[in-house]
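For reference, the structure discussed in these notes is given below.
Lettering follows sequence order; numbering is per chain, from 1. Keep in mind that this is a model prediction, so the values were computed, not measured.
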Amino acid sequence: MSHDRRGPAAETGSPFAPQTAEETAAMLDAVGVESEEALFDIPEAVRFEGDLGIEPRGERELRGELASLLDGNDDLTEFLGRGHYDHYVPSMVDHLSDRSEFLSSYTQYQPEVAQGFLQALFEYQSMLVELTGLAIANCSMYDAASALGEAATLALRSRSVSGTRILVPEQLQSGRREVLENYLTGTDAVVESYPMDDGNVDIDALAESLDEDCAMVYAENPTVRGTIEEELSTIGDLAADDDAVFCLGSDAVALALLSEPAAVGADVVVGDAALGLGTSGGMGLGLFACREDFLRQVPGRLVGASEDRSGRRAYTLTLQTREQHIRRERATSNICTNQAWVALRAAMHAAWLGPDGLVNLAEDCVRHARDLAERLDGIEGITAPVHDRHHIREFAARTNRPASDVRTDLEERGFAVHAIDDHLVQVCVTETNVEHADELAEALEVVA
Amino acid sequence: MNYDQARWTEDDDRYEPLLAEKRSTEVAVEDSPLPDDLTRDGLDLPDLAEPELARHYTRLSQMSYGVESGPIPLGSCTMKYNPAFTEDVAALPGAGTHPDRSEGTVQGNLELRYRLQEYLAAIGGMESVTLQPPAGAAGEFTGILVAKAYHEHHGEERSEIIVPESAHGTNFASAALAGYDVVELPNAEDGRVDVEALRAAVGEDTAALMLTNPNTLGLFERDIEEVAEVVHEAGGLLYYDGANLNALLGRARPGDMGFDVMHYNVHKTFATPHGGGGPGAGPVGVVEELAPFLPTPQVRKTDSGYETVEPERTVGKVHGFAGNWLVLIKTYAYIARLGDAGLADASAKAVLNANYLASRIDYEIPFSPFHHEFVASAGRDAADVARRMLDYGVHPPTTKWPEAVDEALMTEPTEAETRDSLDHLARAFDQAAADGDDALEAAPERTAARRIDQASAARNPRLSWQALDE
């Protein structure tokens, strides 16, 4: 069945437990017991005597099984975004991040043997500081949604804020709102949405709904519809007028081009990296940056620079008294395992692109979306973009036919798009699918 | 067995320079396809070619320590070998789909998710599993949200969660995040749950007891049936923290012990990249009564394939999309590689290794019999001992926790070590113990960086290269 070095496991036990039979016997002897069973101090009543029913497989066999399972996915060219973006990940990122000292290392609680990873995370934090203009960045949360949840709990802890209302845009990736609401379970805060106007924040309506009971205003740039927010400074001023925290959602690619968050009054930036990972089934990297005066309220890990005994610069996890392993129920967050390796990959990817590459990538995403929207607008039965705005990467398009029918028909022709409303589809275009944009347009000419 | 880390000449004032110190460029953002008032003015980032970056990150890796560098016997962290093939299968074409694909077009993903749900349910003795939580603490929070929704559905306002004093800090923090008051339960003298203290602590306010078994001293909670009865009689739920599940695979199941809800730290128990602090994944399993409250979506098998469904009284989503998918693929591959016998053998060897290592070291180990991990007392500053162990070529154990043991060295060698490797670890323990105070205070000497001043890092936080110039 298998030519694996060790296995099938049914005969030899775990292929990753390297003890030989002789070693096992000698070790049992040294411990002074007859058998491995004798080491288990489990009362008979709760011992498990049954079968789990899991057949062991050899490595080669499993590789085939998984390839075949994943082949069960339709091979579609994806034009999908809405908070999760496909950008080309350079080979260097895979190869260098896969070095086992990175991949199989633990959280850097023993800094003397973790200098490399700590420095990489320090560099990640630094790039996020540059992208946001805010003084503090942590070294990762799970994803944009959890980072938003953490931002809201930070706002509620902030002494400059007294309210309980958390305002979010009515058009929002659904997972973000649900995760935010779950993060607020233990508080008396309420999540309320404010209206959008043609894809962007309805400033008058937001001004109307803001009052001193508002702890945080959340806005996104780009929005979930891919539009670029035009009045961020006004939103920042409105929030500041009522002492509310202004939290801005974005991603690392957009941040390279769009207005610097600190310059428009953002107190906190959350979002997804959009770098280093590709689509990966929805795995994310939660960006989190904030103003310096929130330093002791920041959730998650922080890497700081220090010196070692020889007087040279060295790095260590710092301000750990905020964290759950020290502060327990009074911690700023329950997060322990974060997305450190993904942060490492994002930093590598950003460094590989360099400042020119990152800005060019973002500018290309503006052009790609504009060009594709223009192309689709020429198709009978389609209006694109729906919002008369600037866009980056993605845009909504109105269809005469039901959007879900258009989506299904496109799937049969090998393309995936979002159906976001009865007659609205959303299309996302980056450097990874732009060469198929014409084919998408041709397919839409048939099915629209 | 030895390891070496990259070293730099003594006359440099830093080890590897920062990327920004090597070369960075400020580019002006101009002539973009957007009006100026929508864009930033410029961007100042490192500007290095790939060969320089490759060397930079290679050096940084040489200044890091992973389980392929040597043993990492960190108690409660379960740092076992990460099989190479699990990385490859998670990188297969087809693994990288967008999470918003319509379910008819990702039947392969859904089938894999369904099978993994079933595997984990079998391993935990649970009825239903959600794969969505992206880490163990996220799993705890999810489990507590589910428990809360369950109580509320039954019209009960329960305000307290009981947590043993030696539990992981995440238990306390997750309970608090969900809005509960945390009631700390002292250990009994034997290091286990004090059942009488538990009886006194439970009541109509008790929403749940959070427990790991074996506990953080490595001890099996032998009275678990009685503990479950006490909690259940008070109307509370029993929560299993899966951090120590590696000790029980195929031998005991939380569901059979009376636990109602549990999380799995798949990055500890199964394929284990750990990634310097993540990503992990923290699937949550529940008994039948709690299944309607699980996060949405759940994957269900139908006559024609697989579909996602929203549990009837779902708590909603706990991750923006569907969790850490690539980690879940590795988990599936690992479980399938081992099967029933391999999983049970992993536990057996983990427990044997812990007992063997403990038998070889000259330290006081106050609590026993332990399973996959034990807590030795350093008898002096545990952090100093730990740093000295670095000089003997091993990663030290977890230090100064749990507090039930003075100057704790919480040690979990895992099944991945051979007898030779354990003997080497034992020598490192004993040599560090035998060394004089001067040697301990000078340690470590063989690592890339020497002892690091953590106090000044906290007193004067410099958290970015921008802050270094200040």
Side-chain angles (χ1 to χ4, degrees), chain A residues 9 13-14 17 23 27 31 36 39 41 46 52 54 56 66 69-70 72-74 78 80 96 99-101 104-105 107 111-113 115-117 126 129 142-143 145 175 178 186 260 279 281-282 304-306 308-309 313-314 318 324-325 328-329 331 334 336-341 354-355 366, chain B residues 14 27 33 40 43 45 47 57 60-61 63-68 82 89 94 98-99 105-108 122 134-135 137 169 172-174 176 179 182 220 257 275-278 280 316-317 320-322 325 339-340 342 345-346 348-349 351 355-356 415 419 447 449-452 457 462 464-465:
Chain A
S14 167
E23 281 172 346
M27 289 160 71
V31 174
E36 290 164 355
L39 294 167
D41 178 32
V46 296
L52 300 172
I54 304 170
L66 279 152
L69 263 177
L70 295 169
N73 297 331
D74 296 351
E78 297 174 344
L80 300 171
L96 274 296
R99 288 179 67 91
S100 68
E101 301 89 339
S104 72
S105 61
T107 303
E112 291 85 358
V113 282
Q115 282 302 295
F117 213 133
S126 304
V129 165
Y142 306 129
D143 67 347
E178 288 185 39
E260 191 181 50
T279 48
S306 184
D308 73 359
R309 170 157 289 191
R313 187 198 297 156
T318 193
Q324 47 73 29
H325 64 283
R328 306 205 300 186
E329 69 268 29
N334 71 331
C336 180
T337 294
N338 59 8
Q339 302 281 113
W341 185 72
V366 171
Chain B
R14 60 207 171 187
V27 299
R40 59 192 300 144
L43 183 67
L45 282 180
D47 193 2
Y57 285 109
L60 294 190
S61 76
M63 296 167 74
S64 301
Y65 185 108
V67 283
E68 286 157 60
N82 183 56
V89 294
H98 190 286
T105 70
V106 284
Q107 286 292 300
F172 300 88
S174 298
V182 180
F220 194 86
M257 297 177 207
K317 287 176 73 68
F321 292 101
W325 170 232
D340 279 26
D345 186 53
K349 295 300 191 296
V351 174
N355 279 275
Y356 177 77
E415 69 272 24
R419 182 178 53 167
T447 48
R450 304 284 305 280
R451 178 179 297 214
I452 291 160
R462 293 177 296 164
S464 64
W465 59 51

- Atom group of A:E36 that falls short of 4.5 Å from chain B, counting heavy atoms: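 Just its side chain gets close to chain B.
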- Is it the backbone or the side chain of A:E78 that comes under 4.5 Å from a heavy atom of chain B, or both, or neither?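 Contact with chain B is through the side chain of A:E78 alone.
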Has [X] got a side-chain atom pairing as donor or acceptor with [Y]'s backbone, closer than 3.5 angstrom?
X	Y	result
A:S104	B:V67	yes
A:D143	B:G320	yes
A:T337	B:A135	no

[atom2] on [Y] to [atom1] on [X], rounded to 0.5 Å:
X	Y	atom1	atom2	value
B:K349	A:S14	NZ	OG	8.5 Å
B:F321	A:T279	CZ	OG1	11.0 Å
A:R328	B:F172	CZ	CZ	3.5 Å

Among the options [options], pick out the one with the most heavy-atom pairs lying under 4.5 Å from chain B.
options	value
A:V129, A:L96, A:D41	A:D41
A:L69, A:V46, A:V31	A:L69
A:V366, A:N338, A:T107	A:N338
A:N73, A:L70, A:D74, A:L80	A:N73
A:G186, A:G72, A:A340, A:S105	A:S105
A:S126, A:G354, A:A145, A:G175	A:S126

- Message: Please enumerate all residues that pass salt bridge (Lys or Arg N to Asp or Glu O under 4.0 Å) together with B:R450, with sequence neighbours excluded.
- Response: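 Per chain and number, B:R450 pairs via salt bridge (Lys or Arg N to Asp or Glu O under 4.0 Å) with no residue.
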Would you mind telling me which of [options] has the largest number of heavy-atom pairs within less than 4.5 Å of chain A?
options	value
B:T105, B:L43, B:V27	B:T105
B:D47, B:L45, B:N82	B:L45
B:G316, B:A137, B:A176	B:A137

- Task: Could you tell me which portion of B:N355 (side chain, backbone, both or neither) has an atom closer than 4.5 angstrom to a non-hydrogen atom of chain A?
- Result: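 Both the backbone and the side chain of B:N355 come within 4.5 Å of chain A.
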[X] versus [Y], closest heavy-atom pair with distance:
X	Y	value
B:D340	A:L52	OD2-N, 2.8 Å
A:E112	B:T447	O-CB, 3.7 Å
B:R462	A:S306	NH2-CA, 3.8 Å
A:G282	B:P99	CA-CG, 3.6 Å

- Item | Side chain proximity check, A:E101 to B:M63, heavy atoms < 4.5 angstrom |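 Answer no - side chains too far apart.
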- Heavy-atom distance under 4.5 Å between the side chains of B:I452 and A:Q115, does that happen here?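 A side-chain contact exists here, since the closest heavy-atom pair is under 4.5 Å.
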- Query: Strictly by modelled atom types, are B:S174 and A:N334 linked by a side-chain donor-acceptor pair under 3.5 Å?
  - Reply: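 A donor-acceptor contact under 3.5 Å links the two side chains.
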